[in-house]
Amino acid sequence: MLGPQFALVDVNNFYVSCERVFQPRLQCVPMVVLSNNDGCAVARSNEVKALGVKMGTPWFKMQDLAREHGILAFSSNYTLYADMSNRVVSVLRAFSPDLEVYSIDESFLRVDRVAHLHGGACAMGQCMRERVALWTGLPVCVGVGPTKTLAKLANHLAKKNAVFNGVCDLNDMTRAERVEWMSKIAVSEVWGVGRRLTQRLDLLGIHTVLDLRRANPMDIRTHFGVVLERTCQELRGVSCLSLEAMAPAKKQIIASRSFGGAIENKAQLLEALSSHVARAAEKLREQKSLCAALQVFLQTNRFKPNEPQYNPAVLVPLMEPTDDTLKLTRAASSALTQIFKMGYRYKKTGVMFCGLTQASQRQESLFESNLEKDRSTRLMGTVDRINQHFGSGTIQSAACGVSQKAWQMRSNNRSSRYTTCWMELPVVS
DNA sequence: TCTGGGGTCCTAGGACCC
DNA sequence: TCTGGGGTCCTAGGACCC
């Protein structure tokens, strides 16, 4: 009997595919979805990939190409993508309870205990594809192998080679076939091998997946450390990375955004910063953590070397751990006062919450009454419920600003929140 | 004019402890 | 001239992921 078997299920061109579900006219139209602030292309349709557009290309740099080929660009619509992601996961969970949500569009599943119910891993993969397509409208590919790294590799094969029809199980191949495929794939495609490692591996004559698989793991360890050694072992079928069914609580929470334009005055920076604090604090409470210190940073535009640059950051310890948006906002405000200097054109600000602990393990305070704590907990609970129900930002602290916000990011072509907002349901006429 | 936003892990080196 | 052998914790920087 085989050991553990992992499947990696991944939505093709996830953000693009989400848009197409609700606007079928976009099928086969070359299109991209842009990052926040309508900056870079972070999702590309196959038509755009075929034109040679790389991941992360700034939108303003592809204007000519876009005009020539009629490329459409959408602002990112994370409310929609997050909801679609949850739907895919709930479909997959029915296939195997051992599931790890790895990213917004990828999940690992343990399949060895359940594949026989579907007549094998390959048939199970096809079944998952059909059901996800039927129930969510999204196209997925499935890769199966004895380690997570091999499942990732199999997924890559499934995506790139029509012969697999969207599902690739490495166990279904002969040894010779596996060797053949591995010799054809660049080592840079391996999960955990980025740009730097690729360069250094090249120098050692390791160019393909097969080369890395055949390298001596101990040599890899001495040259590159334990991380790549694990990768090497995983390629050889030795499972080093286990499934993490429970997402561990985050150790830090960051909220930051570039501005639509440059900001020079402190009042506007404070509004933007307060909004980021509010978002980060929501995440903090969602994972039931408290924050012991926060870091505030400012950035000028690094793409404009002729402008004076200033990128300060300051860490502010809190009197005691808290998840109260108002206290965190006050701390962030004083941090901003410490680092703000007139005369710079700022492009971005943000906040990082550090020293996170579980709220259930909060120490009794010497300085704060329980009465005040209860009041804060109830207030924050109410704010969160209102914002969940009526949409985020429905209720916020006055520090976030009330008028037209000059610092707000560009989002010029966002689709509707089709699945989470009654007023924006798709209409069939 | 326009260039994203989130995370994790590992390592090396220094401070400090007994 | 000789100058131990462990530890821990923290931080900065580098690498990776999506």
Side-chain angles (χ1 to χ4, degrees), chain A residues 8 10-15 32-44 53-64 66 73-78 81-82 85 100-108 148-149 152 155-156 187-201 220-231 240-241 244 247-262 272 275-276 279-280 283-284 287 293 295 297 299-305 307 313 315 317 345 347-356 409-413:
Chain A
L8 177 69
D10 165 306
V11 183
N12 307 340
N13 312 333
F14 180 54
Y15 298 166
V32 295
V33 174
L34 302 177
S35 62
N36 277 326
N37 224 5
D38 291 348
C40 306
V42 289
R44 303 153 294 156
V53 174
K54 296 273 177 279
M55 172 74 174
T57 305
W59 174 235
F60 78 91
K61 284 190 180 172
M62 23 183 313
Q63 291 305 303
D64 292 344
F74 285 79
S75 306
S76 37
N77 183 347
Y78 287 108
Y81 309 149
S85 175
E100 171 186 342
V101 177
Y102 175 67
S103 75
I104 195 164
D105 72 328
E106 287 171 78
S107 292
F108 285 105
K148 287 167 105 178
T149 304
K152 270 271 203 185
N155 185 279
H156 174 83
V187 71
S188 58
E189 299 292 343
V190 173
W191 189 34
V193 178
R195 214 180 64 244
R196 295 306 181 106
L197 283 176
T198 302
Q199 283 176 9
R200 289 171 59 199
L201 285 165
I220 294 295
R221 185 187 189 125
T222 45
H223 278 99
F224 301 94
V226 295
V227 180
L228 196 64
E229 184 202 3
R230 281 202 281 261
T231 299
C240 305
L241 307 171
E244 297 199 28
K250 302 255 186 290
K251 297 172 180 174
Q252 56 184 40
I253 292 173
I254 301 172
S256 71
R257 288 277 184 282
S258 306
F259 309 128
S275 307
H276 302 336
R279 253 186 310 122
K283 293 189 215 169
L284 189 68
Q287 68 165 35
Q295 188 175 39
F297 58 86
Q299 287 176 12
T300 45
N301 193 338
R302 65 195 163 99
F303 295 103
K304 293 192 171 160
E307 289 186 6
L315 184 71
R345 294 165 55 75
K347 194 64 186 23
K348 183 174 179 178
T349 185
V351 64
M352 188 193 312
F353 291 172
C354 326
L356 305 192
M409 68 179 188
R410 280 184 299 276
S411 183
N412 290 332
N413 190 22

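In what follows, chains carry the letters A, B, and so on, assigned in the order in which the sequence lines appear, proteins first and then strands, with residues in each chain numbered from 1.
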As a test of understanding, state which of A/Val32, A/Asn37, A/Asp38 forms a side-chain contact (heavy atoms from CB on, under 4.5 Å) with A/Trp59.
A/Val32
Listed by chain and number, what are the ring pair (Phe, Tyr, Trp, His ring centres under 6.0 Å) partners of A/Trp191, not counting sequence neighbours?
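Ring pair (Phe, Tyr, Trp, His ring centres under 6.0 Å) check on A/Trp191 returns A/Tyr102, A/Phe108.
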With sugar-phosphate meaning primed atoms plus P, OP1 and OP2, does [X] contact a base, only sugar-phosphate, or nothing at under 4.0 Å between heavy atoms?
X        : value
A/Leu197 : sugar-phosphate
A/Asp105 : sugar-phosphate
A/Val190 : sugar-phosphate

Within the 4.0 Å limit for protein heavy atoms, which parts of nucleotides 4-15 of chain B are touched? Write it as a string from 5' to 3', B for base, S for sugar-phosphate only, - for none.
SSSSBSSS----
What is the distance, to the nearest angstrom, from the [atom1] atom on [X] to the [atom2] atom on [N]?
X        : N      : atom1 : atom2 : answer
A/Leu241 : C/dC16 : CG    : P     : 16 Å
A/Lys61  : B/dC2  : NZ    : P     : 13 Å
A/Arg345 : B/dT1  : CZ    : C1'   : 11 Å

Between OH of A/Tyr15 and OG of A/Ser85, what distance do you get to the nearest 0.5 Å?
9.0 Å
Between the CD atom in A/Glu106 and the NZ atom in A/Lys152, the distance rounded to the nearest 0.5 Å is 3.5 Å
Give each stem of DNA chain B as a range with a range, requiring at least 3 consecutive Watson-Crick or G-U wobble pairs whose two distances are under 3.5 Å.
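Stem segments, range with range: B:5-18 with C:5-18.
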Residues in salt bridge (Lys or Arg N to Asp or Glu O under 4.0 Å) contact with [X], at least two apart in sequence or another chain:
X        : result
A/Glu189 : none
A/Lys148 : A/Glu100
A/Arg410 : none

Kindly say whether A/Phe14 contributes a backbone atom to a donor-acceptor pair with the side chain of A/Asp105 at under 3.5 angstrom?
no
Give a yes or no on whether the backbone of A/Asn412 and the side-chain of A/Ser75 come within a donor-acceptor separation of less than 3.5 Å.
yes
A/Lys152 side chain N/O closer than 4.0 Å to the phosphate oxygens (OP1, OP2) of C/dC16?
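No, outside the criterion.
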Can you tell me how far C1' in C/dC17 sits from the matching atom in B/dG4, rounded to whole Å?
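Their C1' atoms lie roughly 15 Å apart.
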